[in-house]
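Notes for the one structure printed next.
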Amino acid sequence: MDSIGWIIISLITLFLLGQFALVYRTRGMQGRPAPDLSNLISEEQKAHETLYFYFHSPRCGMCKEVSTILDPLMSERTDIIDIDVSRRPDMARRFKVMGTPTLMRIRDGRIEKVLMGTRNEEIVRAFIG
């Protein structure tokens with residue numbers, strides 16, 4: 001195999017390892033305590049047992065797909081918190097979000113489940129409940 005073949009195989013391997021690392025990190029977040037939310041959410045939102053955080057970026061193509069599903073839900077519900085990571089990178093660091101779009105379900109002060117990447121409408125609606 002010539003050097004171009006090895007370069008292609010190396011790049012594919014690095015890409016797959018990067019994807020595995022993101023999935024592993026996402027699964028590791030589940031069950032951990034959520035960061036302090038007191039200065040982020042309103043009194044109305046504090047009344048909810050479960051909160052959903054949607055981390056996105058305006059330049060992210062996958063985020064636009066998920067936003068078309070979540071925007072109507074966000075106008076109806078107060079338990080979905082919309083965080084634009086390009087305007088609030090501190091929030092992404094605080095929640096240890098490594099990529100967008102990311103949906104995070106927090107119940108009783110713990111990160112219950114995390115979805116990363118684009119998902120179809122059925123999965124997003126099932127996640128939100």
Side-chain angles (χ1 to χ4, degrees):
M1 185 180 292
D2 61 347
S3 61
I4 299 292
W6 284 110
I7 291 172
I8 291 172
I9 289 173
S10 298
L11 290 174
I12 291 171
T13 303
L14 286 174
F15 173 77
L16 292 174
L17 286 173
Q19 295 301 309
F20 175 74
L22 283 175
V23 169
Y24 180 76
R25 185 172 175 94
T26 299
R27 289 207 175 132
M29 291 169 61
Q30 295 175 166
R32 291 195 174 170
D36 180 32
L37 305 172
S38 59
N39 64 343
L40 179 63
I41 60 176
S42 67
E43 291 299 320
E44 182 181 6
Q45 291 168 329
K46 287 180 185 176
H48 293 287
E49 181 181 317
T50 304
L51 292 173
Y52 303 93
F53 288 83
Y54 173 48
F55 296 90
H56 64 92
S57 174
R59 292 180 295 277
C60 168
M62 290 189 301
C63 297
K64 291 176 185 173
E65 291 177 34
V66 176
S67 290
T68 59
I69 301 165
L70 285 178
D71 285 343
L73 292 172
M74 284 190 278
S75 64
E76 301 167 1
R77 299 172 58 163
T78 60
D79 60 343
I80 304 172
I81 294 113
D82 181 43
I83 300 175
D84 181 350
V85 297
S86 65
R87 293 185 182 176
R88 301 285 313 267
D90 59 316
M91 295 309 302
R93 280 191 300 274
R94 207 161 131 191
F95 282 87
K96 297 181 179 158
V97 171
M98 299 298 292
T100 58
T102 298
L103 280 167
M104 190 175 293
R105 180 171 49 216
I106 296 179
R107 180 176 293 169
D108 298 328
R110 292 205 166 278
I111 299 171
E112 187 177 79
K113 186 149 174 79
V114 179
L115 284 180
M116 263 183 89
T118 187
R119 304 293 176 148
N120 65 31
E121 187 169 355
E122 294 168 359
I123 293 173
V124 172
R125 287 189 179 273
F127 182 80
I128 299 286

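What you see below is based on every heavy atom in this structure, not just the backbone, and it leaves out hydrogens, waters and symmetry mates.
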hydrophobic_cluster_shared for Ile123 and Met62, side chain cutoff 4.5 Å
no
Under a 3.5 Å distance rule, please check whether Gln45 uses its side chain to pair with a backbone N or O of Thr78 as donor and acceptor.
yes
List in chain and number order the residues that pass side-chain contact (heavy atoms from CB on, under 4.5 Å) with Thr13, two or more places apart in sequence or in another chain; answer none if no residue qualifies.
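Testing Thr13 for side-chain contact (heavy atoms from CB on, under 4.5 Å), a comparison that skips the adjacent residues, returns Ile9, Leu17.
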In the structure I gave you, are the side-chain heavy atoms of Ile83 and Ile81 within less than 4.5 Å of one another anywhere?
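Contact flag for Ile83/Ile81 side chains = yes.
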Quick one, Leu51 and Lys46 - any side-chain contact, counting heavy atoms below 4.5 Å?
no
Could you give the distance from [atom1] ([X]) to [atom2] ([Y]), rounded to the nearest 0.5 Å?
X: Ile111; Y: Lys96; atom1: CD1; atom2: NZ; result: 8.5 Å
X: Asp82; Y: Leu70; atom1: CG; atom2: CG; result: 8.5 Å
X: Tyr52; Y: Leu115; atom1: OH; atom2: CG; result: 11.0 Å
X: Leu73; Y: Ile80; atom1: CG; atom2: CD1; result: 5.0 Å

By the ring pair (Phe, Tyr, Trp, His ring centres under 6.0 Å) test, which pairs, at least two apart or in different chains, include something from [range]?
range: residues 96-129; value: none
range: residues 97-124; value: none
range: residues 68-89; value: none

So, using side-chain hydrogen bond (donor to acceptor under 3.5 Å, both in side chains) as the criterion, who are the partners of Glu44 when residues are at least two apart?
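With neighbours one apart ignored, the set is empty.
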Output all residues satisfying side-chain hydrogen bond (donor to acceptor under 3.5 Å, both in side chains) with Arg77, sequence neighbours left out; order by chain, then residue number.
Asp79
Which residue pairs pass the salt bridge (charged side-chain N to carboxylate O under 4.0 Å, His left out) test with at least one member in residues 112-122, sequence neighbours excluded?
Arg105-Glu112, Arg107-Glu112, Glu121-Arg125
Any pair with a residue in residues 56-73 that passes salt bridge (charged side-chain N to carboxylate O under 4.0 Å, His left out), sequence neighbours left out, goes on the list, sorted by first then second residue, please.
none
Counterpart residues, ring-ring contact (aromatic ring centres under 6.0 Å, His included), relative to Tyr54 (two or more places apart):
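Once residues adjacent in sequence are excluded, the partners of Tyr54 under the ring-ring contact (aromatic ring centres under 6.0 Å, His included) criterion are His56.
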Checking Phe95 now: which residues fulfil ring-ring contact (aromatic ring centres under 6.0 Å, His included) with it, not counting sequence neighbours?
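Partners of Phe95 by the ring-ring contact (aromatic ring centres under 6.0 Å, His included) criterion, ordered by chain and then number, come out as Phe53, Phe55.
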Distance-only criterion, 3.5 Å: show the donor-acceptor pairs between side-chain atoms of residues 85-92 and protein atoms not counting sequence neighbours.
| residue | atom | partner | partner atom | Å |
| --- | --- | --- | --- | --- |
| Ser86 | OG | Asp84 | OD1 | 2.7 |
| Ser86 | OG | Asp84 | OD2 | 3.4 |

Nearest heavy-atom pair of Val66 and Thr118: which atoms, and what distance?
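Nearest heavy atoms, Val66 then Thr118: CG2-CA, 4.0 Å.
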For Val114 and Leu103, what are the C-alpha separation, side-chain angles and deciding distance, and is it a side chain to side chain contact (heavy atoms under 4.5 Å, CB included)?
CA-CA 6 Å; Val114 179; Leu103 280 167; over 6 Å; no
Co-members of Leu16 in a cluster of I, L, V, M, F, W and Y side chains, linked at under 4.5 Å
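Once heavy-atom contacts under 4.5 Å are chained together, Leu16 belongs with Ile4, Ile8, Ile12, Phe15.
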